[in-house]
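Just so it is clear, the structure is predicted and the values come from calculations on it, not from any experiment. Below, each value reflects all heavy atoms present in this structure, side chains not excepted, and no hydrogens, waters or symmetry copies.
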Amino acid sequence: MIYKRSFLVLVLCCCSALMSAQDGYDLWLQYDKIDDDKVVENYLDHISGFHKFGSDETLDVATTELKTAFEGLVGQTLKELNSVEENSVVLGSEENLPSEIRAMLKSDLSEINSEGYVLKSLSLNNNRITVVTGKTDVGVLYGTFRLIKEMQLHNNITQCDIIDSPKIQKRLLNHWDNLDRTVERGYAGFSIWDWHHLPELIKPEYIDYARANASIGINGTVLTNVNASSLVLTSHYIEKVKALAEVFRPYGLQVYLTARFSSPMESGDLKTADPLDPEVRQWWKDKADEIYAEIPDFGGFLVKANSEGQPGPNNYDRSHVDGANMLAEAVAPHSGIVMWRAFVYSEDDPEDRAKQAYSEFVPFDGQFHDNVLVQVKNGPIDFQPREPFHPMFGAMPDTPLMMEFQITQEYLGFSSHLVYLPEMFEETLDEDTYVQGEGSTVAKVVDGTLSNKKLTGIAGVANIGTAKNWTGHPFGQANWYGFGRLAWDPYLDSEAIAKEWLKMTFSNEQEFVDPVKDLMIKSREAVVNYMTPLGLHHIMDTGHHYGPGPWVDDLGRPEWNPVYYHRATSEGVGFDRTESGSDALSQYAEPIREKYNSIETTPEKYLLWFHHVPWDYKMENGQTLWYNLAAKYQEGVEDVEEMVNTWNDIEEYVDDQRFEEIQMLLQIQLKEAKWWRNAVLLYFQQFSGKELPEFIPEPEYDLEYYQSLEFPYAPGISPSWH
């Protein structure tokens, strides 16, 4: 095939291009010359060449990456050796290694799974060597990237002894990319998938995308939007998907597609999509056979059904189980999976949108086929700056639940705001569900250890586009990187991940890393403060979700309106989800229910999520809710001012292009933080009837001005031709 013939040439071209890039294109795979002579000397003393055992394409890209990185980092060519020599790096899967090396690593290899790796310094026939191995060549690739990272971080590699395996099996990016190359909730340009020129044109970006994902252990990508098009399942597009799959395969990256539930009617000639109809079931089996004939390692389908107007089994009075299991049966002979999203809410006037996914799915626990993952958002509403964990986690012990995080910042300032999301991801993963007593964390639900799940998964809605730096905001790259690291190991520390990323992307200088790491860790709390403090949620402007819109009350469905969520009156503000309100709190286990049922014992960060609170309510600091709400908004603005000052202080450690871009973006963030503070406080002041505290500056405009702002061309929404 033409794709394979050109593959290695493209790899070499891409790696060469990365070495000269300074616009952020190279992400965290920067291999600039190390300026610490002692570190370089250490690496040259312990690595003189490499020898590989095996001839797999994956092993080829691993050695190509190692050579490129070594030449860039230490300034010398890494030669391929004809045999294992002193100071050589030995690469190969377990079955391909010489028996004497396998024997020395027998215990280590017994600790890893099929994607894990061993990176170890050994003495073989009095020769010092560094072995990179795993049970598969993909494991070797992951281990190679780990060795490269150790060098990027300037760590000592004299005595390597690293054994690591991913704790979650399916680690995916979800692209909300449309076939016309627009990206729903995408803020970094158009889709990188050039469908019009596929399958003939294989762009270098496709390979660099795969390299970046492999470097952090992501092993799957859903190419298309959850608001799916049936066209992608036609033979014309399957050929295009096949071309991408062949590019990604050496990097251990499987392709998946979204499946529009009505495809048998739209792409086929059937009159129904009823999942219990024999012809419909056969149509999906035939479609799966067609795809797998072209793409043998096709991962499976992601499905959004009966949500926000999308078709699904409920259209035919069937259940989610009926729909998911039909598709699961179609892909099961090929070892495929189905990821069935739990993001559903009724088109009728709901009692509480936060309750609906739990109500629709938990009764079906244990009825889904073994190759079905129910994909659940981290919180019960919709990727808010802060939400309590979704009550479904832990409530379905007999069903594998797949975490869905959003990497793109739909509700957190798009690509204009610096917000380090792994801190938020970690907060969710560390939450205790208490479903099996203390210590029943969300992470244990997701990685399967709480209920001994065989199939596990985690997904991140991608923030990737055609922007030169992939993610729009240079720090948006950290959210992609951090998601990958937490997908590999959901128990990692987000602060440690931030330090890694900064060192690999900008500088190893401690005077740079420490203050900017602190900036990143504090950035998520800053956005919560200036957007939705104290448990407020979904008060963004309508449709595009850009900027504040707590006053919006004229949309067709109640749960589309911000007023539905804050419920401000002259008596108070917040959504009562206790026994006296919607009783959404009953979906959580004890002791959460008891603790959160009382205003006095509910954590203040979730106060207005679970309670309608009087404006004069005295909080922990002795001040009223109104005072504290205003104080949080002001604190958010001051947080961003501190971020601006921190960034200005580290100019000497960053190249001019990225420094100036981030400096300008931080000014946008500061301007918009003030906009949020002023607009929201002026709006709520109408209900509280209270003066703004003296520490709040006089708003630049009145409420009417803020309510008049419109953004019909905000990025991430459907263009006019839709």
J.: Any heavy-atom pair between the side chains of Thr449 and Lys167 that's under 4.5 Å?
T.: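 Of all side-chain heavy-atom pairs linking Thr449 with Lys167, none is under 4.5 Å.
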J.: Would the distance check show the side chain of Tyr251 and the main-chain N or O of Leu141 forming a donor-acceptor pair, the cut-off being under 3.5 Å?
T.: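 Such a contact is absent between Tyr251 side chain and Leu141 backbone.
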J.: Would you call the rings of His175 and Tyr209 parallel, tilted or perpendicular if under 30° counts as parallel and over 60° as perpendicular?
T.: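 Tilted.
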J.: Given side chain to side chain donor-acceptor pair (under 3.5 Å), test Asp177 with Asn225 step by step and report yes or no.
T.: CA-CA 5 Å; Asp177 295 23; Asn225 192 358; over 6 Å; no
J.: Which residue in the set Lys135, Arg102, Lys120 passes salt bridge (Lys or Arg N to Asp or Glu O under 4.0 Å) when paired with Asp108?
T.: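 Result for salt bridge (Lys or Arg N to Asp or Glu O under 4.0 Å) with Asp108: Lys120.
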J.: Do Phe512 and Phe506 have their ring centres less than 6.0 Å from each other?
T.: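 Ring centroids of Phe512 and Phe506 are less than 6.0 Å from each other.
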J.: Could you tell me whether Lys499 and Glu495 make a salt bridge, using a distance below 4.0 angstrom between a side-chain N and a carboxylate O?
T.: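 No salt bridge links Lys499 with Glu495.
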J.: Classify the angle between the aromatic ring planes of Tyr142 and Trp488 as parallel (below 30°), tilted (30 to 60°) or perpendicular (above 60°).
T.: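 Correct class here is perpendicular.
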J.: Which residue is it: Phe475, Tyr25, Tyr481? I am looking for the one with a ring-ring contact (aromatic ring centres under 6.0 Å, His included) to Trp470.
T.: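 That would be Tyr25.
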J.: Answer yes or no: is there an ion pair linking Arg211 with Glu65, defined by an N-O contact shorter than 4.0 Å?
T.: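 Salt bridge flag = yes for Glu65 with Arg211.
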J.: Between the main-chain N or O of His51 and the side-chain N or O of Ser88, is there a donor-acceptor pair closer than 3.5 Å?
T.: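 No, the answer is negative, given that no donor and acceptor are paired below the 3.5 Å cut-off.
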J.: Could you check whether Arg658 pairs with Asp23 (Lys NZ or Arg NE/NH1/NH2 to Asp/Glu carboxylate O, under 4.0 Å)?
T.: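 Salt bridge: no.
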J.: For Lys79, is there an ion pair with Glu85 - N to carboxylate O distance below 4.0 angstrom?
T.: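 No, Glu85 and Lys79 are not salt-bridged.
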